[in-house]
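Here is how names work: the chains are called A, B, and so on, in the same order as the sequence lines, proteins then strands, and each is numbered from 1. The analysis underlying the following values was restricted to heavy atoms, covering all of them including side chains, and did not include hydrogens, waters or symmetry mates.
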There are 2 protein chains.
Amino acid sequence: MKNNDRKEQIVKTAAQLFREKGYNAVSMRDLAKDLGIKAASLYNHISSKEAILAEVILSTARDFTEHIDNTFLEEKSSVKKLEEIIESHIDLTIEKANFVACLNNDWMHLEEKNLNDYIKMRNHYESTLRKIIIKGMNLHEIEPQNPELILFSLLSTLRTLYLWYPKNKHIEKSVLSKELKNNLLKGIITI
Amino acid sequence: MKNNDRKEQIVKTAAQLFREKGYNAVSMRDLAKDLGIKAASLYNHISSKEAILAEVILSTARDFTEHIDNTFLEEKSSVKKLEEIIESHIDLTIEKANFVACLNNDWMHLEEKNLNDYIKMRNHYESTLRKIIIKGMNLHEIEPQNPELILFSLLSTLRTLYLWYPKNKHIEKSVLSKELKNNLLKGIITI
DNA sequence: GTCTATAATAGGATAGAC
DNA sequence: GTCTATCCTATTATAGAC
């Protein structure tokens with residue numbers, strides 16, 4: 001097996017285990033067992049357990065960052081931008097649920113430098129979303145409310161979609177997208 | 001110090017540490033250190049680390065269960081009941097944020113029997129809330145949508161309020177309550 | 001009720017053979 | 001690239017002195 005395939009496989013399997021049991025409850029022996037190798041062999045592909053976590057979380061954080069940066073720059077209404085953001089969360093949740101779950105649950109187990117990078121990206125994400133909300137408010141597209149509360153109620157739902165989706169896989173993505181937008185936006189959009 | 005005071009103090013301190021670092025990242029030495037005693041002394045008050053977690057989580061789950069059971073039995077509209085449920089989440093989050101955080105993050109580290117009890121209570125909670133939503137839908141108080149999605153988008157926000165509140169303590173509870181109800185319900189209530 | 005000492009186990013990581 | 005063997009440390013929990 002080529003080195004990079006193996007590494008990818010390790011990271012992917014780790015994401016699944018971390019999601020199920022939490023980072024600290026998964027041992028390198030557990031991970032190796034799931035891959036059908038011995039724990040020592042893992043270190044030919046990765047430098048440490050934390051490096052795996054960093055790969056899982058930071059790659060996913062970069063995905064989210066890229067999406068919102070693109071959306072931010074578009075020439076569209078704020079409401080349309082919020083809809084695109086909702087869609088990007090649905091897409092990423094469906095595409096890599098275990099990675100998104102890890103990002104949500106285990107970021108605090110990153111060490112120094114990786115933790116810093118993650119927090120920077122998260123702050124950037126929230127601040128970009130905040131700008132979109134406030135601009136929408138100024139242009140009377142969005143109800144004048146506490147923007148922090150809107151930011152929170154939106155993100156809290158989008159960030160935990162990974163908990164809900166597996167139990168409701170039967171729902172069409174297009175239906176989910178439409179209903180979730182309705183659900184989250186109708187409360188904050190001027191009629 | 002009386003035995004029960006000490007036990008309460010242990011559970012409360014544990015909840016704070018679990019919230020900050022996650023159950024598995026907190027050692028009995030860490031916990032003892034915060035209490036100014038040695039790890040071995042903890043076992044005069046509690047039987048195991050997991051028993052502390054169970055106390056934290058199950059007591060909080062019982063609080064939530066009691067609240068929703070009371071609300072369910074009242075002679076009020078479904079929307080009024082949802083407002084009461086939102087309020088109970090705000091109250092419990094403010095009152096015992098660390099406990100609520102643990103319940104959300106560390107329930108999967110409960111063992112056999114306690115895990116079972118927790119999941120039973122959670123299922124009961126969700127099924128009661130589901131009934132309220134569906135009744136409201138039948139009475140045309142709530143927009144006809146996928147009830148599972150409404151259930152999820154409500155709960156996802158209410159359950160993670162503990163993440164948001166500490167950063168926004170300056171907001172008046174009455175304002176938070178009013179704006180959050182607006183935010184969460186206006187999207188699902190018939191105009 | 002708290003201490004010291006220690007048992008028993010599990011964890012991350014490395015060395016070196018193949 | 002994977003293995004066995006092993007190091008070193010950390011962990012939960014108990015025994016028994018004070």
Of all pairs that satisfy ring-ring contact (aromatic ring centres under 6.0 Å, His included), the ones with a partner from residues 73-110 of chain A, not counting sequence neighbours: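 As it turns out, the ring-ring contact (aromatic ring centres under 6.0 Å, His included) pairs with a partner in residues 73-110 of chain A, which skip direct neighbours, are Y23(A)-H109(A), F64(A)-H89(A), H89(A)-Y125(A), W107(A)-Y118(A).
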Residue pairs, two or more places apart or on separate chains, that pass ring-ring contact (aromatic ring centres under 6.0 Å, His included) and touch residues 153-179 of chain B: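 Sorted pair list: F152(A)-W164(B).
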K76(A)/E141(A) ion pair, N-O < 4.0 Å: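 Not counted as a salt bridge, because no side-chain N and carboxylate O are separated by less than 4.0 Å.
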Member of R19(B), E20(B), K12(B) meeting the side chain to side chain donor-acceptor pair (under 3.5 Å) criterion with Q16(B): E20(B)
Atom-pair distance ([atom1] on [X]; [atom2] on [N]), nearest Å:
X: L42(A); N: dT4(D); atom1: CG; atom2: P; answer: 14 Å
X: K33(B); N: dA10(D); atom1: NZ; atom2: C1'; answer: 14 Å
X: K38(B); N: dA5(C); atom1: NZ; atom2: P; answer: 10 Å

N or O in side chain of S41(B) less than 4.0 angstrom from dG1(C) OP1/OP2: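 For dG1(C), neither OP1 nor OP2 has a side-chain N or O of S41(B) closer than 4.0 Å.
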Trace of the side chain to side chain contact (heavy atoms under 4.5 Å, CB included) decision for M108(B) with K21(A): CA-CA 7 Å; M108(B) 72 287 279; K21(A) 310 206 263 174; over 6 Å; no
Per-nucleotide protein contact string for nucleotides 11-18 of chain C, where B marks a base within reach and S marks sugar-phosphate only (heavy atoms under 4.0 Å, - for neither): BBBBB---
Side-chain donor-acceptor pair present, N183(B), S153(A), cut-off under 3.5 Å: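 Their side chains do contain a donor-acceptor pair, which is all the 3.5 Å distance test asks for.
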